[in-house]
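For ligands, and for the atoms within them, numbers begin at 1 and follow the listed sequence.
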Amino acid sequence: MSMLSVIVPCYNEQEAIPIFYEAIAETASKMQETQKDLEFEFLFIDDGSKDDTLDRIKELRAKDRRVRFVSFSRNFGKEAGLYAGLKNARGDYVVTMDADMQDPPSLLPEMYKAVTEEGYDSAATRRVTRRGEPVIRSFFARGFYRIINRMSSADIVDGARDYRIMTRRMVDAIVGMKEYNRFTKGIYGWIGFNTKWIEFENVERIAGETKWSFWKLFGYALEGIIGFSTAPLSLATWFGMMMALVSFLGIIFIIVKKIVYGDPTSGWSSMVCIMLLIAGIQLFCIGVMGQYLAKTYLETKQRPIYIARQTSDDEEDEREEA
Ligand code: UDP
Ligand code: MG
């Protein structure tokens, strides 16, 4: 037997969950027709939802024991949800997908085939259109991918979704990355492995609304840049070096000017030279220190990535069964 874990991060998805479950259960039984030794588990991560998401999940669990869940003590964000899912999954293969049907379950058989028969470690999906998305959002998204790929060595694919199937080995590699500031798109690129890309047209969410405001996405983009590139830190270094150079040229210019024309306002020239030089050196030093500080700061806190308030493995289940 081999098992496929389906991980679904959910935040206020009470309308979408029943629809999603029907669709994935149907895909699962279709796949089992051809793959007799394939088992499924559906692992829902309730990311501190404020609506009836957890109740919907528990209803599903009551009728289908393949459904499991982890419920967070508050909203930790989708990245934490994905991490919790990967960490708690029991399958030999793991797929992560959204609850809102924007990740079409119909692609799953093809993705499963890529990792079981075609020798890939992972099959990921990428939407080739951004139809139905605000124009300004697409514009910034494109800009973000251009910038980060220029600044970071982890290659991050434009339009890549978090809809991805992985082998156990790859899942273990991701769970082994314990960084607190998680940017999964970057982590996938960083760990390597060979990935098959499957392209599809953008699908709009089936119910509820998007959890990502423009500013939330903006913050997410910044997190990606800071997490996977130290280029912004060296900016101060380069800036400082340039200023030091310019002031050095300035010094020569002013000295020559004084020798040739004399110095009518005495003291001014030497003052400007010193100020420019010192400002340049100061920025340079702050830049160097920042490089070390930023790296250390984030790692020393060692906070947990999520806190579970309740899981389907709790004693609550034993009570139900007794
Ligand atoms: N999500 C989550 N925690 C959050 C925000 C979102 O678990 O803080 C989940 C959400 O329930 C959905 C998925 O992440 O299953 C993608 O979110 P959404 O559809 O809002 O994003 P979009 O598709 O608009 O990028
Ligand atoms: Mg969505």
### Query
Are the ring centres of Phe44 and Tyr21 closer than 6.0 Å?
no
Given a cut-off of 2.8 Å, the protein N, O or S atoms lying below it from the Mg ion (ligand 2) are Asp100 OD2, Gln102 OE1
At a 4.0 angstrom heavy-atom cut-off, ligand 1 is contacted by Pro9, Cys10, Tyr11, Glu13, Asp47, Asn75, Gly77, Lys78, Asp98, Ala99, Asp100, Gln102, Arg205, Thr210, Lys211, Trp212, Lys216
Ion pair check, Lys30 and Glu26, cut-off under 4.0 Å:
yes
Taking CZ in Phe253 as the centre, count heavy atoms belonging to other residues, nucleotides or ligands within less than 6.0 Å. Is the count above 12? no
Separation between CZ (Arg161) and OG1 (Thr96), nearest 0.5 Å, reads 10.0 Å
**Prompt:** So Trp215 and Phe218, would you call those rings parallel, tilted or perpendicular, with 30° and 60° as cut-offs?
**Reply:** perpendicular
Practice item. Decide, yes or no, whether a salt bridge links Arg169 with Asp121 under the criterion of side-chain N to carboxylate O below 4.0 Å. Key: no
Item checked: Geometric class of the Tyr306/Phe72 ring pair [parallel <30°, tilted 30-60°, perpendicular >60°] -> parallel
Greater than 12 external heavy atoms within 6.0 Å of Lys196's NZ: yes
Only residue of Asn12, Asp46, Asp47 satisfying side chain to side chain donor-acceptor pair (under 3.5 Å) with Asn75 is Asp47
